[in-house]
Colleague: 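Would you mind keeping the following structure in view while I ask a few things?
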Amino acid sequence: MHRPTVVATPQPINLLGMDSAALTDLVGQWGGKPFRARQLQRWIHQRGADSFDSMTDLARSFRQQLAENCVIQAPTVSTEHVSADGTRKWLFDVGRNNAVETVFIPEDDRGTLCLSSQAGCTVACPFCSTGYQGFNRNLTSAEIIGQLWHAKRVLEADRSSARIGVTGDQPAPDRVISNVVMMGMGEPLLNYDQLVGALRLMLDDHAYGLSRRRVTVSTSGVVPMIDRLARDCPVALAVSLHAGNDTLRDRLVPLNRKHPIAELLDACNRYLEYAPRDFITFEYIMLDGVNDTDEHAKELIAIAGRIRCKFNLIPFNPFPQSGLKRSPPVRVRLFAQRLMDAGVITTVRKTRGDDIAAACGQLAGEVSDRTRINERLPDRAVIAINQERG
Ligand code: SAH
Ligand code: SF4
């Protein structure tokens with residue numbers, strides 16, 4: 001029987017996630033010189049182009065070749081919210097009913113963009129709403145950098161329209177992205193290759209040109225990947241410590257069972273030889289009655305004696321399923337004071353964007369629990385508190 005031949009239409013190549021080497025390679029295959037790749041990169045990332053017609057300094061035949069074979073495609077935006085304090089949150093649709101979030105936090109001296117690296121997360125920390133979703137999939141480097149690409153376009157468009165409306169000597173509001181933190185949804189070091197592709201673009205002078213000190217990867221402690229990051233792309237490192245002893249950290253950050261604190265601290269010390277900053281930031285979420293006593297502070301002081309570090313205390317952002325509570329402000333202050341009295345540099349994170357649920361751990365909070373974590377870990381919070389007291 002005669003069967004019709006099915007010719008598969010080749011998928012267009014998405015240029016958005018390609019780092020300089022990959023783009024130079026692609027352009028080279030079409031006979032183009034490396035500087036053409038750099039021009040293209042500047043159009044995409046610095047000028048936010050999403051089609052090839054506007055790239056007027058590229059030859060028409062090259063633009064046509066690009067248009068026939070390639071696209072510049074960021075994930076689709078489902079919603080955008082702007083908080084009363086200027087914080088913005090975008091929800092991106094990454095297909096198959098998965099969503100990831102991106103948050104922009106403007107401050108006087110900087111603008112920080114918080115990016116997601118995975119839809120869901122395998123680490124399943126009991127205080128994190130992303131952990132309750134289970135793991136859906138890794139984002140591609142195009143989806144990671146696409147969050148930055150989109151946010152930059154929106155903020156710049158906003159800035160130029162604000163300038164038009166400015167009267168007298170009132171300055172236009174400055175909404176530049178000066179810092180990027182990988183602190184949204186997912187564990188970035190468990191999506192290593194795609195993460196590094198996106199980081200390279202953030203640092204590339206022909207793309208976003210951010211300094212290594214202003215790009216931070218936050219990790220729950222994937223030790224082997226901390227070592228790889230040191231060699232491949234050393235940026236600022238934040239480590240989610242949350243507990244100063246293994247018994248408690250095993251429960252709060254389940255990955256600790258695989259890479260306990262001593263191993264993690266050794267990896268941090270090795271990282272410091274390559275890091276752009278001369279300290280590691282330890283994030284420490286403040287959970288009422290769980291990790292906020294004087295004894296816990298003492299454990300952190302001992303850790304600070306073994307590594308150059310700074311502590312960032314994060315008031316827990318509660319969400320219903322967690323069954324956990326935020327430490328009262330007075331306890332957070334005393335805890336911080338205790339560390340500072342021992343000479344440990346300590347800051348307390350301000351909560352921003354509360355009215356649009358844009359704070360850490362609240363991201364994509366509306367997405368339902370697909371893990372049945374509640375069934376696996378009944379009364380987790382109660383267990384944590386009781387073991388802590390017992
Ligand atoms: N997976 C990485 C990065 C994403 S989480 C990590 O764990 O470091 C980014 C930060 O948000 C981490 O320090 C995490 O502990 C914190 N976080 C998660 N849930 C939170 C919550 N409910 N309240 C406050 N901070 C939270
Ligand atoms: Fe994953 Fe980080 Fe949330 Fe833990 S805190 S579940 S590692 S995203």
Side-chain angles (χ1 to χ4, degrees), residues 100-103 105 112-136 138-139 144 147 180-192 195 215-223 225-226 229 235-243 248-259 264 268 280-288 290-292 310-327 332 347-354 357-365 367 369-371 373 376-377 380-381:
V100 296
E101 289 188 346
T102 306
V103 177
I105 306 154
T112 305
L113 191 70
C114 175
L115 303 183
S116 293
S117 55
Q118 298 180 312
C121 183
T122 49
V123 182
C125 305
F127 52 80
C128 172
S129 66
T130 305
Y132 279 77
Q133 287 180 38
F135 176 68
N136 299 306
N138 281 325
L139 299 189
I144 299 172
Q147 299 166 59
V180 171
V181 294
M182 298 302 306
M183 290 187 186
M185 297 166 65
E187 168 48 57
L189 293 186
L190 290 178
N191 183 14
Y192 187 79
L195 169 76
V215 175
T216 302
V217 168
S218 173
T219 180
S220 55
V222 191
V223 165
M225 295 302 160
I226 292 178
L229 191 68
V235 292
L237 188 69
V239 171
S240 294
L241 194 63
H242 307 321
L248 181 56
R249 194 164 191 271
D250 279 353
R251 294 200 304 273
L252 292 181
V253 186
L255 191 67
N256 195 69
R257 295 172 201 157
K258 202 164 168 198
H259 304 296
L264 179 59
C268 290
I280 300 285
T281 303
F282 286 128
E283 291 159 282
Y284 194 88
I285 191 166
M286 298 293 296
L287 297 164
D288 186 19
V290 176
N291 65 352
D292 60 353
K310 149 184 160 180
F311 274 88
N312 189 15
L313 306 181
I314 313 172
F316 170 58
N317 290 308
F319 59 98
Q321 299 104 308
S322 76
L324 295 160
K325 284 196 296 210
R326 180 185 284 190
S327 303
V332 177
T347 50
V348 178
R349 183 176 293 170
K350 275 184 279 168
T351 300
R352 299 284 305 265
D354 257 353
C360 276
Q362 293 182 337
L363 305 186
V367 178
D369 175 359
R370 297 182 191 154
T371 61
I373 197 169
R376 285 194 280 119
L377 295 168
R380 219 164 38 268

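Atoms within a ligand are numbered from 1 in the order they appear, just like the ligands themselves. Note that the structure is predicted; figures quoted are calculated from it, not measured.
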Colleague: Quick check on side chain to side chain donor-acceptor pair (under 3.5 Å): which of H242, R249, R251 does N256 satisfy it with?
Modeller: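 Testing N256 for a side chain to side chain donor-acceptor pair (under 3.5 Å) against H242, R249, R251 leaves exactly one candidate, R249.
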
Colleague: Looking at CD1 of I285 and SG of C128, how far apart are the two atoms once the value is rounded to the nearest 0.5 Å?
Modeller: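 One gets 8.0 Å once the value is rounded to the nearest 0.5 Å.
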
Colleague: Within ligand 1, which atoms have a heavy atom of T219 less than 4.0 Å away?
Modeller: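 Near T219, the atoms of ligand 1 are 6 (C), 8 (O).
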
Colleague: For ligand 1, which atoms, with element, lie under 4.0 Å from some heavy atom of F316?
Modeller: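 Selected atoms, number and element: 21 (C), 22 (N), 23 (N).
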
Colleague: Atom 15 (O) of ligand 1: which of M182, H242, M183, E283 has the nearest heavy atom?
Modeller: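 Looking at heavy atoms only, H242 sits closest to atom 15 (O) of ligand 1.
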
Colleague: Give yes if a backbone or side-chain nitrogen or oxygen of I285 is under 3.5 Å from a nitrogen or oxygen of ligand 1, and no if not.
Modeller: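 There is no such contact.
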
Colleague: Quick check for you: to the nearest 0.5 Å, what is the distance between L237 atom CG and M182 atom CE?
Modeller: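 L237 atom CG to M182 atom CE measures 13.0 Å (nearest 0.5 Å).
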
Colleague: For the side chain of E187 and the backbone of S220, is there at least one donor-acceptor N/O pair under 3.5 Å apart?
Modeller: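 Side chain of E187 to backbone of S220: a pair is present.
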
Colleague: Could you list which atoms of ligand 1 come closer than 4.0 Å to a heavy atom of G186?
Modeller: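 What qualifies from ligand 1 is 1 (N), 2 (C), 3 (C), 4 (C).
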
Colleague: Using a 4.5 Å cut-off on heavy atoms from C-beta on, say whether the side chain of S322 contacts that of F127.
Modeller: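 Answer no - side chains too far apart.
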
Colleague: If you round to the nearest 0.5 Å, how far is OG1 of T219 from CG of L229?
Modeller: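 Here the interatomic distance stands at 9.0 Å.
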
Colleague: How far apart are the C-alpha atoms of N312 and E283, what are their side-chain angles, what is the distance that settles it, and do they pass the side-chain hydrogen bond (donor to acceptor under 3.5 Å, both in side chains) test?
Modeller: CA-CA 5 Å; N312 189 15; E283 291 159 282; 5.5 Å; no

Colleague: Any N or O of S129 that comes nearer than 3.5 Å to an N or O of ligand 1?
Modeller: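 No - when backbone and side-chain N and O of S129 are compared with those of ligand 1, no distance drops under 3.5 Å.
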
Colleague: Taking F316's backbone N and O only, do any of them form a donor-acceptor pair with R326's side chain (distance below 3.5 Å, no angle check)?
Modeller: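 Side chain of R326 to backbone of F316: a pair is present.
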
Colleague: Run down the list C128, S322, G184, C125 and name the one with the heavy atom closest to atom 5 (S) of ligand 1.
Modeller: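 Shortest heavy-atom distance from atom 5 (S) of ligand 1: G184.
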
Colleague: Taking 2.8 Å as the limit, list every protein N, O or S atom around atom 4 (Fe) of ligand 2, by chain and residue number.
Modeller: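 Within the sphere that stays under 2.8 Å of atom 4 (Fe) of ligand 2, the protein atoms of type N, O or S are C125 SG.
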
Colleague: Hey, could you give me the CE/CG distance between M185 and L115, rounded to the nearest 0.5 Å?
Modeller: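 The distance works out to 13.0 Å.
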
Colleague: Any atoms of ligand 1 less than 4.0 Å from a non-hydrogen atom of S220? List them with their elements.
Modeller: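 Answer, ordered by atom number: 6 (C), 7 (O), 8 (O).
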
Colleague: Please report which non-hydrogen protein atom sits nearest to atom 2 (Fe) of ligand 2, along with the residue it belongs to and the distance in Å to one decimal place.
Modeller: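 Result: G186 O, 4.5 Å.
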
Colleague: Can you tell me how far CG of L190 sits from CE of M225, rounded to the nearest 0.5 angstrom?
Modeller: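 If I round to the nearest 0.5 Å, the distance is 7.5 Å.
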
Colleague: Is ligand 1 under 4.0 Å from a heavy atom in the side chain of T130, in the backbone, in both, or in neither?
Modeller: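 Contact part for T130 vs ligand 1: neither.
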
Colleague: SG/C114 to CD/E101 distance, rounded to the nearest 0.5 angstrom?
Modeller: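 Those atoms lie 9.5 Å apart.
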
